[in-house]
Amino acid sequence: MPSNAESSKSIVWLDIDNTLYPPSMRIHDLMAERIFAYFRSLDLDAETLANRYYKDYGLAIRGLVRHHQIDPLDFDRKCDGTLPLDDILKPDPDTIQLLKDFDREKTRVWALTNAYKDHANRVLKVLGLSDLVERVVFCDYTDPQFSCKPEPLFYQRFKTNLVVKALDQAGVKDPSKCYFIDDSLKNVVAAKKLGWGSCVLYRESTPDSGNPVVSSGDQGITDIDATVTSLQELRTVWSHLFKKDSM
């Protein structure tokens, strides 16, 4: 648990996939291919069930665990674990500088992801951001009842057994001190409804509706604080969180 001094700071929550790198990298296409292949390896109707489980449970893996008793870490190894991230992603100097420019005297920078920790940490390492993100709150695939964005349980101060949710891990008592950016409208709206201070949608371009397993399926951009098309726009949206000499 963070110290009282740390807990009193604002906290920036960064989604990882399709936010810290742009969707045009097409990583989500490669994810979808692997997810469908995993369903087919179980002799399941990939197109129907993968999309249904994504819609019903937020992640396809949750439906597989619930209805087909798969080993979730096997799924992770064969899907996210085989993505050729080193061949596609590269460190972006502007994003690295952005994270360096947050005023760490008053702001913490954490990640909030629906991925398992292995994939999350791998992406951060490839992007050169590991040392700039203080901690990663991830979906613990080893827990059969794990929650994920956009479920309120994943965001809130809530504890069941050893499952500690985002705000508990960060020691946050005042959700208005949370600043959140994600490429999924559903995820951003969910955080805003829970009283998070500033919730921003990152939208590089028109969402890819052809991949509902991994896209958000926007229903209209409402009830959020801002939409940005570049992470650099956070310098304006959250100007008070950055070091004065960086603006």
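The structure presented is a predicted model; accordingly, all values stated were derived computationally and were not measured.
Pro84 has its side chain within reach of Leu30: a pair of non-hydrogen atoms, C-beta onward, lies under 4.5 Å apart. Between Leu20 and Val123, the closest side-chain pair of non-hydrogen atoms is not below 4.5 Å. No side-chain heavy atom of Thr113 sits under 4.5 Å from any side-chain heavy atom of Val137. Residues Ile96 and Lys100 have side chains in contact (heavy-atom distance under 4.5 Å, counting atoms from C-beta outward). Using a 4.5 Å heavy-atom cutoff, the side chains of Ile16 and Phe138 are not in contact. Under the 4.5 Å side-chain criterion, counting only non-hydrogen atoms from C-beta, Pro175 is not in contact with Leu194.
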(request) Applying side chain to side chain contact (heavy atoms under 4.5 Å, CB included), run through Ile35 and Phe75 and close with a yes or a no. (result) CA-CA 8 Å; Ile35 290 170; Phe75 175 95; 4.0 Å; yes
(message) Run Leu83 and Arg34 through side chain to side chain contact (heavy atoms under 4.5 Å, CB included) and show every step you take.
(response) CA-CA 9 Å; Leu83 291 168; Arg34 285 158 172 76; 3.8 Å; yes
(message) Checking Tyr57 against His67 for the ring pair (Phe, Tyr, Trp, His ring centres under 6.0 Å) test, could you report, in this order, the C-alpha distance in whole Å, the side-chain angles of both residues, the deciding distance, and whether it holds?
(response) CA-CA 12 Å; Tyr57 304 118; His67 298 291; 5.6 Å; yes
(request) Give the C-alpha distance, both sets of side-chain angles, the deciding distance and a yes or no for side chain to side chain contact (heavy atoms under 4.5 Å, CB included) between Ile88 and Tyr21. (result) CA-CA 10 Å; Ile88 301 173; Tyr21 61 82; over 6 Å; no
(message) Test side chain to side chain contact (heavy atoms under 4.5 Å, CB included) on Ile181 and Leu14; report intermediate values, then the result.
(response) CA-CA 6 Å; Ile181 183 167; Leu14 303 170; 3.7 Å; yes
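Among all heavy-atom pairs drawn from Ser147 and Cys139, the shortest one is O-SG, 3.4 Å. Among all heavy-atom pairs drawn from Lys149 and Asp15, the shortest one is NZ-OD1, 3.0 Å. Shortest non-hydrogen contact noted between Ser184 and Leu201 is C-CD1, 3.7 Å. Of all non-hydrogen atoms in Ala111 and Val133, the two that sit nearest each other are N-CG1, 3.7 Å. Taking each heavy atom of Arg235 and Leu98 in turn, the nearest pair found is NH2-CA, 3.5 Å. For the pair Pro91 and Gly128, the tightest heavy-atom approach, listed with the atom from each and the gap, is CG-N, 4.3 Å.
Tyr155 contributes a side-chain N or O that, together with a main-chain N or O of Asn187, makes up a donor-acceptor pair within less than 3.5 Å. In this structure a side-chain-to-backbone donor-acceptor pair under 3.5 Å is present from Thr19 to Asp183. A donor-acceptor pair is defined here as one N or O able to donate and one able to accept, closer than 3.5 Å; such a pair exists between the side chain of Lys177 and the backbone of Ser8. Side-chain atoms of Thr107 never come within 3.5 Å of backbone atoms of Arg104 as a donor-acceptor pair (strictly under, hydrogens ignored). A donor-acceptor contact shorter than 3.5 Å is absent between the side chain of Asp225 and the backbone of Val200.
Within a 6.0 Å sphere centred on NZ of Lys106, heavy atoms belonging to other residues, nucleotides or ligands number more than 12. Within 6.0 Å of the CG atom in Asp45, the count of heavy atoms belonging to other residues, nucleotides or ligands exceeds 12. Within a 6.0 Å sphere centred on CD of Glu105, other residues, nucleotides and ligands contribute 12 heavy atoms or fewer.
Between Lys193 and Asp223 no salt bridge is recorded (no basic side-chain N to carboxylate O distance below 4.0 Å). Ion pairing between Glu134 and Lys9 fails under the 4.0 Å rule for side-chain N and carboxylate O. Between Glu47 and Arg40, at least one side-chain nitrogen of the basic residue sits less than 4.0 Å from a carboxylate oxygen of the acidic one, meeting the salt-bridge criterion.
From Leu124, atom CG reaches atom CG of Leu99 across 9.0 Å, with rounding to the nearest 0.5 Å. Between atom CG of residue Leu85 and atom NZ of residue Lys90 there is a gap of 10.5 Å, rounded to the nearest 0.5 Å. Here the CG-CG distance, from Leu73 to Asp118, works out to 8.0 Å after rounding to the nearest 0.5 Å. Rounding to the nearest 0.5 angstrom, the gap separating the CD atom in Gln97 from the CD atom in Gln232 is 9.0 Å. We find the CG-NZ distance between Leu89 and Lys125 to be 14.0 Å, quoted to the nearest 0.5 Å. Summarising the geometry, atom OH belonging to Tyr141 is positioned 10.0 Å from atom OH belonging to Tyr116; distances are rounded to the nearest 0.5 Å.
Cation-pi check for Arg62 over Phe146 is met; the charged atom lies under 6.0 angstrom from the ring centroid and within 45 degrees of its normal.
A parallel orientation is assigned to the rings of Phe242 and Phe102, their planes being inclined by less than 30° (bins at 30° and 60°).
Scanning for side chain to side chain donor-acceptor pair (under 3.5 Å) contacts around Asn121 gives an empty result, with sequence neighbours left out. Partners of Arg122 by side chain to side chain donor-acceptor pair (under 3.5 Å), not counting sequence neighbours: none found. Under the rule for a side chain to side chain donor-acceptor pair (under 3.5 Å), the partners of Thr95 that lie at least two apart in sequence or sit in another chain are Asp92.
Taking the centre of each ring, Phe39 and His68 stay at or above the 6.0 Å mark.
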